[in-house]
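Here's the structure, in structure tokens; my notes come after.
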There are 2 protein chains.
Amino acid sequence: MSETVTRTRKSKTSTQKRILDAAETLFAREGFEQTSLRQITQEANVNLASVNYHFGSKKALIQAVVARYMNVFMPALEAELKQLDERPSIDSLAVFESFKAPLVSLTQVHKRGTEHFLRLLGFAYSETQGHLRRYTQSAFGDVLQHLLALLHRANPKLTEQDMFWRLHFVLGATVFAQVSGQALIEIAQAEFDEDADIQTVIDHLIVFIAGGLDSQLDG
Amino acid sequence: MSETVTRTRKSKTSTQKRILDAAETLFAREGFEQTSLRQITQEANVNLASVNYHFGSKKALIQAVVARYMNVFMPALEAELKQLDERPSIDSLAVFESFKAPLVSLTQVHKRGTEHFLRLLGFAYSETQGHLRRYTQSAFGDVLQHLLALLHRANPKLTEQDMFWRLHFVLGATVFAQVSGQALIEIAQAEFDEDADIQTVIDHLIVFIAGGLDSQLDG
DNA sequence: GCATATTTTAAACATGCGTTTAATTTAATT
DNA sequence: AATTAAATTAAACGCATGTTTAAAATATGC
């Protein structure tokens, strides 16, 4: 029973964690490609070279930042979906409600975890980060399949193909809302004096995507 | 006449136009920030320095590329909207129908003008191109206001703020469909043996966004 | 046809990037 | 305490970027 020794004497948090935290904040604010390692290491108060020492490359760091969230979010989502399996009938709104708790649970990763996660997701799609999509698909593809099946069950009039397309449009609208959320908030403020925040954007978004998903305007 | 002074012997099109065309194609494919001036000038077969000579800076070039489309699209859209003003009653679908002709008219700028324009729009939003947003807002804000008013008229139960948000989600879903359209087509083919093309994507998209816009699931 | 203005060109500049190196410091093991 | 392993550090590397310069080529106006 060898005891793993505490190394927490000098720096109260490990170098890895400080890098991850700083990287996450900056990635969520500016995007992956627009954030430099020098920004990250300065924000984290660590040496520039330590990123490559601990993570190997910037690409690997990006993956580590995203994985930290995926490993919390996806199992939480899967648990919620399992509960929906038990229910005799469901609708699209119920399916999307099941995102709520997993999203909130991300605050255990970071204080602003929910917001960060959604924005990271947005950049992962809008920037050319193919490796991220491949990783997510291979690591959590079964959860996404589960989600698709439930949405199909909620809307049996639509074919699975229909659901496939609409789910991706939902993703597109969501991603867009996150990435350009701040821009929209500023426009809304200038245009309507509306005192909006991220939560306002999400509230409007949910109504929109639920309506889009259930659209029965033939096809 | 010994030598006719046409400049179309060596370079059949002007340097400015060749830069604009090359920049547009590359911007639409990779995004603004991910495209370098060296890529552009190589593709255009012009000297590197000529971009800064003719346009002043990369930022100004981006603006020029986008402006070339906006100056065609926005007046065309405004003309369509004016026609809608005459009609006694309209619905959301009719408003979106009015986008069709202006979008098609963009082929006069470039063969693949419609696709390019939508993708440029997407990058303009998702990348941090605040100057582009400010330009569009100040140059064509009245047209967008007109559009918003018509959508409000088509859906009087919703506030103008509601319409503002939904309109932008529509934009997000549309842009996403453009950006990842080919990827989705391939996934659909592998997953459902669906023989989809761009038109299929658009057909699904229109149903989705119309449903989202008209969503009455309270708020 | 000559002088003038415009455009094109090759080269360099300054800056920032991700990554690597090699020496030093710190921690762990014996 | 001595030795070994792990982590940190400052510096440099190689490369790519947008921009500027100053000379050469071309077109324009009188």
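In the text below, chain A, chain B and the rest are named by the order of the sequence lines, each starting its count at 1.
Picking from C:dA12, C:dT7, D:dA12 the nucleotide with the shortest atom distance to the side chain of B:Y53 gives C:dT7. Of the candidates C:dA12, D:dT21, D:dT8, the closest approach to any side-chain atom of B:L48 belongs to C:dA12.
For A:H54 and D:dT8, the shortest distance from a side-chain N or O to OP1 or OP2 is below 4.0 Å. In terms of phosphate contacts, A:S50 brings no side-chain nitrogen or oxygen within less than 4.0 Å of OP1 or OP2 of D:dT9. Of the side-chain N and O atoms in A:N52, none sit less than 4.0 angstrom from OP1 or OP2 of C:dG18. Phosphate proximity of C:dG16 to A:S36: absent, as no side-chain N or O sits under 4.0 Å from OP1 or OP2.
We find the CD1-CZ distance between B:I209 and B:F96 to be 4.5 Å, quoted to the nearest 0.5 Å.
Without hydrogens or angle criteria, B:S105 side chain to B:P102 main chain gives a donor-acceptor distance under 3.5 Å. Under a 3.5 Å cut-off, the side chain of A:S50 and the backbone N or O of A:Y53 do not form any donor-acceptor pair.
When the C1' atom of C:dG18 is taken as reference, atom CG of A:L61 falls 12 Å away, rounded to whole Å. With rounding to whole Å, B:F32 atom CZ is found 17 Å from D:dT17 atom P. Between B:K17 atom NZ and C:dT7 atom P there is a gap of 18 Å when expressed in whole angstrom units. When rounded to the nearest whole Å, the span between NZ of A:K58 and C1' of D:dC15 equals 15 Å. Look at CD1 on A:I62: it is 13 Å from C1' on C:dC17, rounded to the nearest Å. Rounded to whole angstrom, the span from the CD atom of A:E30 across to the P atom of C:dG16 amounts to 15 Å. Rounded to an integer number of Å, the gap from B:F27 CZ to D:dG18 C1' is 12 Å. Look at CG on B:N47: it is 15 Å from P on D:dT19, rounded to the nearest Å.
Residues B:H152 and B:E160 have side chains that never bring a donor and an acceptor to within less than 3.5 angstrom of each other.
A centroid separation of 6.0 Å or more is found between the aromatic rings of B:Y135 and B:H131.
The salt bridge (charged side-chain N to carboxylate O under 4.0 Å, His left out) contacts involving residues 66-76 of chain A comprise A:D21-A:R68, A:E24-A:R68, where partners must be two or more places apart or lie in separate chains.
No engagement by B:T41 is indicated, since no non-hydrogen atom pair under 4.0 Å with the nucleic acid exists.
Of the two residues near DNA chain D, A:V46 and B:R38, the one whose nearest nucleotide lies more 5' is A:V46.
With a 3.5 Å limit on both pairing distances and Watson-Crick or G-U wobble geometry required, the stems of 3 or more pairs in DNA chain D span C:1-30 with D:1-30.
Between A:L147 and A:L81, the closest heavy-atom pair is N-CD1, 3.8 Å.
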